[in-house]
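Notes to accompany the following structure.
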Amino acid sequence: MLDAKYVRTNPEEVAEKLKKRNFNLDVELVKKLEAERREIQVKTESLQQERNARAKSIGKAKAAGEDIAPLLAAVDQLKADHAAAELELNDIQAKLDEILFSIPNIPDAEVPEGKSEDDNVEIRRWGEPKTFDFEPKDHLDLGTSLSQMDMECAAKLTGSRFAVMKGDIARLHRALIQFMINTHIEEHGYQEAYVPFMVNRDSLFGTGQLPKFEEDLFKLTDEREFYMIPTAEVPLTNMVRDEIVDEASLPLKFVCHSPCFRSEAGAYGRDTRGMIRQHQFEKVEMVKIVKPEDSEQELESLVANAETILQKLELPYRTVILCGGDIGFSAARTYDIEVWLPSQQKYREISSCSNVRDFQARRMKARYRNKETGKPEFLHTLNGSGLAAGRALIAVMENYQTETGAIEIPKVLQPYMGGKTIIEA
RNA sequence: GGUGGGGUGGCUGAGUGGUCGAAAGCGGCGGUCUUGAAAACCGUUGACUGUAACAGGUCCUAGGGUUCGAAUCCCUACCCCACCGCCA
């Protein structure tokens, strides 16, 4: 969330900056509620002050052995007034919080203007889209004819938007995950983490999925009300929730493989075929917890770490910076990496890397002690996929297919496949 | 699941109704000493809010209650620890 003080002292400025993401802040409402809050808070606090003073004097009188009965009678009305004022204050504070919690992050100045993903701006490309001298199949045709991918079976087990994989394809999927994690811990200095795949409300609030995006999540129905994680970003980032982190341990860099569960996937009727958009998919996630002055630079290296995976897999990709209209709720700046899919003749998102700045840290009260000021200050958090495993699998299958419907195995994955070099029927 | 014990500042931990935002230690910061560092010694040091600066307010896991007054008493929830039971 944004700094409440900043929002209430400069609502017009905030509204102006949020226009870039097509977010409309009701400035008049904020001003009106804020004026009320101020008045009621002053009233409540002065009543509190009075109550505290009276209570103290009663204590003194009692200690001195005086008769306190008249003092007790005098304090009755005060008590009732204070209780009423407090209720009123809580009510208005709740209204203000509701607004504050649903305001998205302010985009960086460098974020391009734009309405949709069509307005994202390409930063760079790597590799050349491969040309085939036959009609390339998509991953579903390839997987199905190998009898190693079965969407009908998944639909029987659960429903639409789930997948069953078998044999070498299942192993290739796992190989990708192992390869990615190993690369990040061995070459990029991340610490591997294993975390819960169900989290509580506080965690989802901390990273910004709640309260606004409840419908995107799978929620458990028992009395504990846990949620399935939509990304490992949630548990990883929340590790520092309510902590004052030792400055010497920064930056924290975590990498974690997890399944991700998203209810919204499929709500738009997009990518209904194959494994592109699923309710459950695997992802290797990178999260960095850093000092504010480092976050810009850490975002660049985060993207580079993700790109390295595609380079080692020799998959053509491009990197774009998301425009104001396409950027996520918590992010100040996001780079998407898009991999080439021959079946679609398009680049498709395979990683999303964001600098969240202090937006999540403020929600989570995640701080470090600044040596120079001696004061606790909010950390900056970043997250990025490194990479989405399901989409990486699709990209490998489609880019490495042969005319006979076999799939060559990228060199870097062969050690994870028992030395195998090709998957064929 | 059962029984018992707990949850207090960055950390450990004392505090059972008013003089407690809270002893002590550790850690941090400043200093003395030292070529420098360590040790030792001295001083200092909670967070949030609020103010031009004071003042004021809130915070002892969370939510309710009792009371003029709650870290302290009562209820509920969550979490942790120990032992027992069960179990991959």
Side-chain angles (χ1 to χ4, degrees), chain A residues 1-10 30 33-97 100-101 194-206 210-211 219-227 235 238-250 252 289 291 358 360-379:
Chain A
M1 68 192 192
L2 303 179
D3 182 359
K5 196 191 279 182
Y6 175 52
V7 173
R8 68 176 179 244
T9 51
N10 308 284
V30 169
L33 288 172
E34 185 51 35
E36 286 178 40
R37 195 218 92 234
R38 215 171 250 275
E39 185 191 333
I40 297 163
Q41 183 162 337
V42 168
K43 183 170 134 197
T44 307
E45 290 186 0
S46 65
L47 285 167
Q48 261 163 352
Q49 185 182 358
E50 179 68 15
R51 185 201 62 179
N52 292 346
R54 296 284 187 94
K56 211 164 222 173
S57 66
I58 289 172
K60 273 186 192 154
K62 201 178 175 186
E66 297 167 22
D67 177 19
I68 58 170
L71 292 173
L72 292 185
V75 95
D76 255 14
Q77 186 58 43
L78 182 61
K79 197 184 177 187
D81 289 348
H82 175 249
E86 200 164 46
L87 277 179
E88 206 180 346
L89 181 61
N90 288 345
D91 186 58
I92 197 146
Q93 192 62 59
K95 283 182 190 159
L96 276 166
D97 283 348
L100 189 63
F101 295 158
Y194 172 82
V195 295
F197 301 149
M198 297 178 218
V199 294
N200 57 32
R201 284 192 69 88
D202 287 346
S203 292
L204 287 157
F205 177 82
L210 290 180
K219 182 182 188 178
L220 275 62
T221 56
D222 75 355
E223 69 282 357
R224 284 169 292 208
E225 303 192 319
F226 294 152
Y227 294 79
N238 275 279
M239 289 200 282
V240 294
R241 170 153 55 84
D242 293 321
E243 301 286 339
I244 297 180
V245 179
D246 185 5
E247 184 175 358
S249 65
L250 298 172
L252 297 171
I289 316 285
K291 290 195 265 182
D358 62 4
Q360 292 174 330
R362 184 172 284 110
R363 292 169 89 93
M364 295 192 293
K365 297 184 186 65
R367 296 169 294 174
Y368 77 106
R369 194 171 295 278
N370 185 326
K371 256 210 164 82
E372 281 161 29
T373 62
K375 291 283 174 192
E377 289 178 14
F378 290 118
L379 292 156

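Only this structure's heavy atoms are used, side chains among them; waters, hydrogens and symmetry mates stay out.
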Quick one: on RNA chain B, does A:Leu71 or A:Lys62 contact a more 5' nucleotide (nearest heavy atom)?
A:Lys62
Watson-Crick or G-U wobble mate for B:rC86, both contacts under 3.5 Å
none
For A:Asp242 and B:rG10, give me the distance from atom CG to atom P, rounded to whole Å.
11 Å
Could you tell me whether A:Arg201 and A:Glu225 make a salt bridge, using a distance below 4.0 angstrom between a side-chain N and a carboxylate O?
no
Write down the partner of B:rA52 under the Watson-Crick or G-U wobble criteria, each distance required to be under 3.5 Å.
none
Separation between NZ (A:Lys375) and CD1 (A:Ile244), nearest 0.5 Å, reads 10.5 Å
Distance-minimising heavy-atom pair for A:Ser249 and A:Asp246:
OG-O, 2.7 Å
Atom P, compared across B:rU72 and B:rA62: separation rounded to whole Å:
11 Å
Residue among A:Arg369, A:Lys291, A:Lys371 satisfying side-chain hydrogen bond (donor to acceptor under 3.5 Å, both in side chains) with A:Glu247
A:Lys291
Candidates A:Lys43, A:Arg37, A:Glu39 - the one meeting side-chain contact (heavy atoms from CB on, under 4.5 Å) with A:Leu89
A:Arg37
Side chains of A:Glu45 and A:Gln41 only: does a donor on one sit below 3.5 Å from an acceptor on the other?
yes
Between A:Leu72 and A:Ser57, who's closer to the 5' end of RNA chain B by nearest nucleotide?
A:Ser57
How close do A:Phe378 and A:Lys365 get, counting heavy atoms only, and between which atoms?
CE2-CA, 4.1 Å
Could you give the CD-to-C1' distance, from A:Glu247 to B:rC29, as a whole number of Å?
13 Å
With C1' as the reference atom in both, quote the distance from B:rA82 to B:rU76 in angstrom, rounded to an integer.
24 Å
Can you check whether A:Lys79 has a side-chain N or O nearer than 4.0 Å to OP1 or OP2 of B:rG69?
yes
Any strand, both distances under 3.5 Å, Watson-Crick or G-U wobble: B:rC59 pairs with B:rG46
For atom CD of A:Gln93 and atom P of B:rU49, their distance in whole Å:
12 Å
Where do A:Ile92 and A:Leu33 come nearest, in terms of heavy atoms and distance?
CD1-O, 3.7 Å
To the nearest 0.5 Å, tell me how far A:Met239 CE sits from A:Met364 CE.
10.5 Å
Base, sugar-phosphate or nothing for A:Lys60? Non-hydrogen atoms, less than 4.0 Å.
nothing
Write down the distance between CG (A:Asp246) and P (B:rG28), rounded to a whole number of angstrom.
9 Å
Using the C1' atom on both, measure B:rU8 against B:rA47 and round to a whole Å.
14 Å
Which atom pairs link the protein and nucleotides 42-48 of chain B when you take only N or O atoms and keep those under 3.5 Å?
from	atom 1	to	atom 2	distance (Å)
B:rA47	O3'	A:Arg367	NH1	3.3

Starting from C1' on B:rG10, measure out to CD on A:Glu243 and report it in whole angstrom.
10 Å
Mind checking the C1' distance from B:rA14 to B:rG6? Whole angstroms is fine.
15 Å
Please report, rounded to the nearest Å, how far the P atom of B:rG10 is from the CG atom of A:Leu379.
14 Å
Given the C1' atoms of B:rU58 and B:rA22, what is the spacing between them in whole Å?
15 Å
B:rC33 pairs with, by Watson-Crick or G-U criteria that keep both distances under 3.5 Å:
none
So which nucleotide does B:rA22 pair with, by the Watson-Crick or G-U wobble rule with both distances under 3.5 Å?
none
Between B:rG9 and B:rG25, how far apart are the two C1' atoms, rounded to whole Å?
13 Å
If you measure from the C1' atom in B:rU66 to the same atom in B:rG17, how many Å do you get, rounded?
12 Å
Quick test: give all pairs of protein nitrogen or oxygen and nucleotides 52-61 of chain B nitrogen or oxygen below 3.5 Å, distance rounded to 0.1 Å.
from	atom 1	to	atom 2	distance (Å)
B:rG56	O2'	A:Gln49	OE1	3.4
B:rG56	N2	A:Glu45	OE1	2.9
B:rG57	OP1	A:Asn52	ND2	3.3
B:rG57	O3'	A:Gln48	OE1	3.1
B:rG57	O2'	A:Gln48	OE1	3.0

When the P atoms of B:rG15 and B:rG7 are considered, how many whole Å apart are they?
10 Å
Distance in angstrom units between A:Arg201 CZ and B:rC78 P, rounded
16 Å
Does any nucleotide pair with B:rG7 by Watson-Crick or G-U wobble geometry, both distances under 3.5 Å, and what is it?
B:rC78
Does any nucleotide pair with B:rG17 by Watson-Crick or G-U wobble geometry, both distances under 3.5 Å, and what is it?
none
Name the closest nucleotide to the A:Lys371 side chain, picking from B:rU51, B:rC68, B:rC29.
B:rC29
Decide yes or no for A:Thr44 and A:His82: does some side-chain heavy atom of the first lie under 4.5 Å from some side-chain heavy atom of the second?
yes
For residues A:Val199 and A:Asn238, determine if any side-chain heavy atom of one lies less than 4.5 Å from a side-chain heavy atom of the other.
no
Output the distance between atom CD (A:Glu86) and atom CD (A:Gln48), rounded to the nearest 0.5 Å.
5.5 Å
May I have the distance from A:Lys56 (atom NZ) to B:rC68 (atom C1'), rounded to whole angstrom?
14 Å
